[in-house]
Amino acid sequence: MADKMFQRMLAQVRRIPRGKVATYGDVAYASGFPGSARQVVWALRSGSGNGVPWHRVLGAGGKILLPGESGFEQRMRLHNEGVAFIGQRVDMKLHRHAFFGRSAPKKKKARARR
DNA sequence: GATATGACGTCAT
DNA sequence: CATGACGCCATAT
């Protein structure tokens, strides 16, 4: 069931060329599951290790959300691929991978006051 | 089946 | 920029 979802998400991640990055939300959207950014995480945690450049997947804004050493390793790998860092984040302006030309449209703003 | 959790995203304050 | 709240959905217990 969900395996299909992971396969698709992982497939998108694999499409990210060296020196490029993407956000969880973008991967989810490109995979056909807008809003399921969390599932991308599961896909990476459970299905990574197989030619899946998990280190090219970041949080919104190019922030590395990985805790501990993994995060450190990710930062190092990206930096090694030529990714420019701005403080603790990645320069999405230059490295954001445009999946198939379609970019995730920003959400609506009318969110009824709470 | 219900509840809690999580490498998230976005908006409001 | 920090904090809080809500949405989204597959796993784990």
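Below, read A as the first sequence line, B as the second, and so on, with proteins coming before strands; counting in each chain starts at 1.
- Separating the CE atom in A:M5 from the CZ atom in A:F33 is a distance of 4.0 Å, to the nearest 0.5 Å.
- In this structure, the CG atom of A:L44 is 16 Å from the P atom of C:dA10, given to the nearest Å.
- Look at CG on A:L58: it is 15 Å from P on B:dA7, rounded to the nearest Å.
- We find that A:E73 and A:R77 are joined by a salt bridge, their nearest charged nitrogen and carboxylate oxygen being less than 4.0 Å apart.
- Rounded to the nearest 0.5 Å, atoms NZ (A:K20) and CZ (A:R56) are 11.5 Å apart.
- DNA chain B is contacted by no residue of residues 74-83 of chain A, taking any non-hydrogen atom closer than 4.0 Å.
- Following rounding to the nearest Å, A:L65 (CG) and B:dT10 (P) show an atom-to-atom distance of 12 Å.
- Summarising the geometry, atom CZ belonging to A:F6 is positioned 11.5 Å from atom CZ belonging to A:R45; distances are rounded to the nearest 0.5 Å.
- With rounding to whole Å, A:Q88 atom CD is found 12 Å from C:dC1 atom P.
- Mapping A:A37 and A:W42 onto DNA chain B via the closest heavy atom, the residue that lands nearer the 5' end is A:W42.
- Checking C:dA10, B:dG9, B:dA7 against the side-chain heavy atoms of A:A60 singles out B:dG9 as nearest.
- To the nearest 0.5 Å, atom OG of residue A:S31 and atom NZ of residue A:K4 are 14.0 Å apart.
- Both A:G61 and A:Q39 lie near DNA chain B, and the one whose nearest nucleotide falls closer to the 5' end is A:Q39.
- Judged purely by atom type and a 3.5 angstrom limit, A:Q74 uses its side chain to pair as donor or acceptor with the backbone of A:V57.
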